[in-house]
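Each ligand, and each atom within it, is numbered from 1 in the order the structure gives.
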Amino acid sequence: MMESKETVVINQVSFNLDELEKDCWNRLVNGAIKSRDAFHTPCVGSISKGELSMRTVVLRKALPLERELRFHTDIRSRKWEELSLNNSISALFYDVSARIQLRVKGKAILHFNDEITLEAWQKTSLSSRRCYLTLYPPSSFSDIPTSGLSEDIEQEKFTLEESECGQQHFGIVDIQVESIDWLWLNHAGHRRAYFDYMSGVYKWMVP
Ligand SMILES: Cc1cc2nc3c(=O)[nH]c(=O)nc-3n(C[C@H](O)[C@H](O)[C@H](O)COP(=O)(O)O)c2cc1C
């Protein structure tokens with residue numbers, strides 16, 4: 001397959017800008033669905049008192065039509081407070097086997113104690129619910145190395161009913177995606193594209 005002036009050919013598939021933008025979302029959807037996918041655990045950045053703050057999260061959902069990405073978190077965490085004060089957010093993905101990087105920027109929408117969180121909480125496994133059952137908030141200092149959980153909870157010796165109190169700490173962060181910066185590493189020359197949803201402009205870029 002030949003590369004035309006307007007397309008890029010990856011693994012013998014040709015993509016123009018519109019097709020490439022769709023491919024980004026296919027990859028994000030796969031990342032949300034498949035736990036072993038390289039896009040399953042992006043690095044998410046926020047701003048804390050003018051300083052950068054980054055962490056890995058699990059991508060729970062990618063909605064191409066809504067242009068939304070989602071992850072779960074403890075509402076007592078620093079990121080929750082940071083995002084409540086400044087909703088600018090970015091997510092960084094890199095698939096080493098595809099050699100594709102996505103740099104996503106957008107605005108965070110925080111969900112707590114609403115229908116969306118209730119539905120997601122009900123689907124959250126016992127094992128995952130443990131994250132929301134620490135006595136003290138995430139980032140609290142401790143004199144000893146600790147999970148912050150009681151031994152029983154740590155060893156999953158608790159019932160679904162007993163886990164329900166974790167719901168008060170359970171929050172969802174939706175990223176309303178405003179732009180995607182796509183980069184493909186290729187020995188014959190890298191390729192880069194920018195999808196700006198705010199202006200509706202899709203452009204090739206010099207990598
Ligand atoms: C593979 C991996 C997945 C993680 N997934 C999440 C997640 O989905 N949500 C979350 O709040 N923290 C997750 N964490 C922990 C965060 O990276 C971070 O350490 C924690 O949330 C505290 O971040 P904060 O102080 O910025 O709020 C994950 C860490 C790793 C290594």
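- In the vicinity of Ser139, heavy-atom distances shorter than 4.0 Å reach the ligand 1 atoms 25 (O).
- Close N/O approach between Arg55 and ligand 1 is found [any backbone or side-chain N/O within under 3.5 Å].
- For the residue pair Ser127/Arg129, the side-chain donor-acceptor check at 3.5 Å is not satisfied.
- Residue Val58 has at least one N or O atom closer than 3.5 Å to an N or O atom of ligand 1.
- The distance criterion of under 3.5 Å between nitrogen or oxygen atoms is not met by Arg60 with respect to ligand 1.
- Geometrically, Arg191 does not engage Trp182 in a cation-pi contact defined by less than 6.0 Å to the ring centre and at most 45° from the axis.
- For atom 20 (C) of ligand 1, the candidate residues are Glu81, His40, Lys79; the nearest heavy-atom contact is made by Lys79.
- Other residues, nucleotides and ligands contribute at most 12 non-hydrogen atoms within 6.0 Å of the CG atom of Leu52.
- Between Tyr197 and Trp25, the ring planes are tilted. Angles from 30° to 60° get that label.
- Counting atoms of ligand 1 from 1 in the listed order, those under 4.0 Å from a heavy atom of Thr73 are 10 (C), 11 (O).
- A salt bridge between Lys22 and Asp18 is absent, with no side-chain N of the basic residue lying under 4.0 Å from a carboxylate O of the acidic one.
- Residue contacts with ligand 1: Thr56 is placed with a nitrogen or oxygen under 3.5 Å of a nitrogen or oxygen of the ligand (distance criterion only).
- Comment: Arg130 does not engage Glu154 in a salt bridge, judged by the lack of any side-chain N to carboxylate O separation of less than 4.0 angstrom.
- Salt-bridge check for Glu68 with Lys61: failed, with every basic side-chain N at 4.0 Å or more from each acidic carboxylate O.
- Looking only at heavy atoms of the protein, atom 9 (N) of ligand 1 is closest to His72 O, 2.8 Å.
- Residue contacts with ligand 1 do not include Pro138, since none of its heavy atoms lies under 4.0 Å from the ligand.
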